[in-house]
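Pasting a structure below so you can have a look.
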Amino acid sequence: MGNTNNNSAGTDNGEAKPEPLDFIREIVAADLASGKHASTVTRFPPEPNGYLHIGHAKSICLNFGISLENEGGVCHLRFDDTNPAKEDVEYVDSIKEDVQWLGFDWGKNIYFASDYFEKLYGFAVELIQSGKAFVCELTLDEIAGHRGTPTKPGTNSPYRDRSPGENLELFQRMRDGEFADGTRVLRAKIDMASPNLHMRDPVLYRIRKTLHHRTGNKWCLYPMYDFTHCLSDSIEGITHSLCTLEFEVHRPLYDWVLDNVAIDSRPRQIEFARLSLTYTVLSKRKLLTLVEEGRVNGWDDPRMPTVSGLRRRGYTPASIRSFCKTIGITKFNSLTDVALLEHSIRQDLNDTTPRRMAVLRPLKVVITNFDEDKVEELEAANHPKDPEAGTRSVPFTREIYVERADFMEEPPRKFFRLGPGREVRLRFAYFITCNEVIKNAAGEVTELHCTYDPETHGGNAPDGRKVKGTIHWVSASHAFEAQVRLYDRLFTVEDPNKEDDGKTYLDHLNAESLEVIADAKLEPGLAKAEPGERFQFERLGYFCADAGDSQAGKPVFNRTVTLRDAWAKQRGKG
RNA sequence: UGCCGAAUGGUGUAACGGUAGCACAACGGUCUCUGACACCGUUUGUCUAGGUUCGAAUCCUAGUUCGGCAACCA
């Protein structure tokens, strides 16, 4: 983990070569070096209106990462809950769970913008008193009309020159609930001719007689993001306020507010590029639609790029942190190949995950020279490179299942597996040779008759004879039958956000993103898998016992990611 | 047409005026009781045009392309 003070790597000549810093960490380092700040206070400020996704993980790793890297650094978790119409406690709970699961700790520093409503109101009063804010009675449409366009300046509201006294009174009456939703707003008095639209007398407060998930009906007046965020940052003593690129044009307003009220602490906003990933969407609105339209089974559907979806899919917190480190922080609007994410999880799971055998698409094999009633217990290593992982015993019998894809009646040149007359190794067991191919009336292969070589017990031939292929298997009579879900990418195109020829992301959903295998044949020990437990099913991929649908003694498995498959590529070239 | 920002191999990212490097992907090979892992190797890049300089991915100028911005959303 990169969460230490030591971010240097040793070199051959013993000089410490510092790991390169991203541009934000460079600014932070400079501010610390110059004495501008004694340490860092960062914050992760989600709006509780949806579940966290992998893009949020990038921001979480950045903000909490910086706090961990600097002596005395802290990172706040702050809910930006200023729009009661869209927000809900369900989301604050899930967000807290996800941040913790990712491995970060906000300690005592958990805050809600709604806790600052009274203070914020005071700042608004301050602005009104100094003649820098006014109550406007224009309708929503009228305000839009007065705003002008990017190329044409706007025009002043007729209410712009009300006296501070009148504004103060009106603002108080807005708070008291005397006016209906939408009839009045508080606006900053800046410049209707500014080339930056956000500076054309932006709305600071609107009336919304909606129950707030935390303040209930205490308020009917809610502050807007631009007013709330900078002041919340200042109230909390945030030193570096890190946000995504779309807020770049908001920065002059962020600074304007802080310049025009009395504050003790001056945060600096710095913007970086949000994450985009191939074959998925990362917008709360689009993810919400997928959930609401039932295109997926909820926010934590393992196909979703949400933190909860990835967790259920079997991703580890470490793999997501490592992914975030790999993609870095820049201002370049990039589209990251999902292969990078998949690499992170394979890397992590390869080292840590015990191996098991499972047959997803079974083909029965009868070992004709093996005793009918004999059950032989074979020892199988739990990890090929880590003896500490120990061994387990797997039963071997006359009838076993192998993967259908591991047999070909007319094998091409580079096929190393089973075929008529061919010998292969059954992993941890014996060499077997295929003698007979049994078919049904339709000509489909239903069964293979093979013979085993007793001399090859455990998988090695005393005569030194080699086989090119090793395949996995499960004893037919001992097989534990379980549901296994194979997940694939949610969309069929690299960038579902690109709306070509009238198509939207919904037109690119992958109809085969989920394949359910009702009764895969698993080695018996897997019946005891605990929810959330991860395994590598040898030669297939990494799987995780589903945390939601598994029952005691009856786990259901999700495929996290496949193993790399050189044969699949070879074959694809045909 | 206004404002803000960004451009380095297929993808992501480094270089801070001095040999364009790393990871992923792809391709070839070695190894192998997982066609995995590991290991070795190969291909591919500084948006364009000028300028400054002994020397430019880096500095300057102009252009091109891409992204963001006109909720009483965040």
Side-chain angles (χ1 to χ4, degrees), chain A residues 19-20 22 26 45-47 49 80-83 85-87 136 138-140 143-144 147-154 181-187 194-200 202-208 222 224-226 228-229 243-252 271 273 278 284-285 325-344 346-347 350-351 355 357 380-381 383-385 414-417 425-429 431 456 458-460 466-472 494 536-541 562-571:
Chain A
E19 222 172 78
D22 56 66
E26 266 175 13
E47 182 189 12
N49 69 342
D80 221 331
D81 55 349
T82 57
N83 185 2
K86 291 186 177 175
E87 297 153 6
C136 183
L138 253 23
T139 64
L140 208 152
I143 288 178
R147 188 148 33 224
T149 68
T151 49
K152 271 181 238 110
D181 286 16
T183 57
R184 257 151 267 236
V185 292
L186 182 74
R187 290 227 257 166
S194 171
N196 182 339
L197 285 305
H198 297 281
M199 298 297 271
R200 320 244 261 225
V203 172
L204 265 24
Y205 271 88
R206 78 286 212 188
I207 299 169
R208 192 131 301 174
Y222 293 95
M224 301 286 290
Y225 166 85
D226 285 305
T228 309
H229 205 91
C243 62
T244 44
L245 250 25
E246 66 270 26
F247 292 102
E248 212 156 15
V249 282
H250 293 242
R251 190 173 357 118
E271 311 85 12
T278 55
K284 279 197 204 168
R285 198 201 94 231
K325 190 172 182 180
T326 299
I327 58 175
I329 300 289
T330 67
K331 299 189 79 153
F332 178 60
N333 242 303
S334 57
L335 177 60
T336 299
D337 193 335
V338 73
L340 257 58
L341 216 210
E342 294 176 346
H343 173 257
S344 296
R346 285 194 186 106
Q347 189 84 39
N350 178 52
D351 294 337
R355 313 290 130 124
M357 291 197 286
H383 192 107
K385 300 226 166 136
K414 292 206 164 179
F415 187 79
F416 305 145
R417 285 109 94 148
R425 169 169 38 232
L426 292 178
R427 183 123 163 109
F428 304 124
F431 286 10
T456 59
N460 284 305
K466 298 282 185 197
V467 285
K468 201 80 170 117
T470 299
I471 66 176
H472 59 277
E494 270 209 338
Q536 183 197 95
F537 289 176
E538 294 216 27
R539 304 209 306 134
L540 297 174
T562 61
L563 253 32
R564 285 182 73 219
D565 188 350
W567 167 244
K569 277 181 210 161
Q570 173 76 234
R571 199 178 32 189

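Scope of the values below: all heavy atoms of this structure, side chains included, with no hydrogens, waters or symmetry mates. Chain A is the first sequence line, chain B the second, and so forth, proteins listed ahead of strands; every chain is numbered from 1.
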inquiry  = Pairing check on B/C69: which nucleotide meets the Watson-Crick or G-U wobble criteria with it, both distances under 3.5 Å?
reply    =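 The base-pairing partner of B/C69, which may sit in any strand shown, is B/G2.
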request  = Report the base-pairing partner of B/C16 (Watson-Crick or G-U wobble, both distances below 3.5 angstrom), or none.
outcome  =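 Partner of B/C16: none found under 3.5 Å.
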inquiry  = Would you say A/R425 places a side-chain N or O within less than 4.0 Å of OP1 or OP2 belonging to B/G35?
reply    =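 For B/G35, neither OP1 nor OP2 has a side-chain N or O of A/R425 closer than 4.0 Å.
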message = Does A/K152 reach a base, just sugar-phosphate, or nothing at all? Heavy atoms under 4.0 Å.
response =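 The residue A/K152 makes no contact with any strand.
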query = Counting just side-chain N and O atoms, does A/R539 come under 4.0 Å of either OP1 or OP2 of B/G35?
reply =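 Yes, A/R539 has a side-chain N/O under 4.0 Å of OP1/OP2 on B/G35.
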ask   = So what's B/U53 paired with, Watson-Crick or G-U wobble, going by both distances under 3.5 Å?
value =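 Its partner: none found.
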inquiry  = Suppose we define a pair by two distances each less than 3.5 Å, Watson-Crick or G-U wobble; what does B/G45 pair with here?
reply    =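 B/G45 is unpaired by these criteria.
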key: NZ/A/K468: more than 12 non-hydrogen atoms of other groups inside 6.0 Å   =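 Counting other residues, nucleotides and ligands, NZ of A/K468 stays at 12 neighbours or fewer.
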request  = Sort out the partner of B/G10 for me: Watson-Crick or G-U wobble, both distances under 3.5 Å, none otherwise.
outcome  =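 Its partner is B/C24 (Watson-Crick or G-U wobble, both distances under 3.5 Å).
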ask   = Relative to the 5' end of RNA chain B, which residue comes earlier, A/R427 or A/R251, by the nucleotide with the nearest heavy atom?
value =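 On the 5' side of the pair lies A/R251.
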inquiry  = Give me syn or anti for B/A57, where syn covers glycosidic angles within 90 degrees of 0.
reply    =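 What B/A57 shows is an anti base, its glycosidic angle lying more than 90° from 0.
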query = A/F332 on top of B/A6's base, within under 5.5 Å and under 30°?
reply =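 Ring-base stacking flag not set for A/F332 and B/A6.
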Paired nucleotide for B/U58 [Watson-Crick or G-U wobble; both distances under 3.5 Å] =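 No nucleotide pairs with B/U58.
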ask   = With both distances under 3.5 angstrom, what nucleotide forms a Watson-Crick or G-U wobble pair with B/A36?
value =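 In the structure as shown, B/A36 has no Watson-Crick or wobble partner.
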request  = Would you indicate, yes or no, if B/U13 has its OP1 or OP2 atom less than 4.0 angstrom from a side-chain nitrogen or oxygen of A/T330?
outcome  =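 For A/T330, the contact criterion (side-chain N or O under 4.0 Å from OP1 or OP2 of B/U13) is met.
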Can you name the atoms? Protein N/O to nucleotides 22-25 of chain B N/O, anything below 3.5 Å, with the distance.
from  : atom 1 : to     : atom 2 : distance (Å)
B/C24 : OP1    : A/H343 : NE2    : 3.4

query = Base, sugar-phosphate, or nothing for A/D80, non-hydrogen atoms under 4.0 angstrom?
reply =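 Counting heavy atoms under 4.0 Å across all strands, the contact made by A/D80 is with sugar-phosphate only.
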ask   = Where each residue is assigned the nucleotide of RNA chain B containing its nearest heavy atom, which of A/H383 and A/L335 is assigned the position nearer the 5′ end?
value =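 Taking each residue's closest nucleotide, the earlier one in sequence belongs to A/L335.
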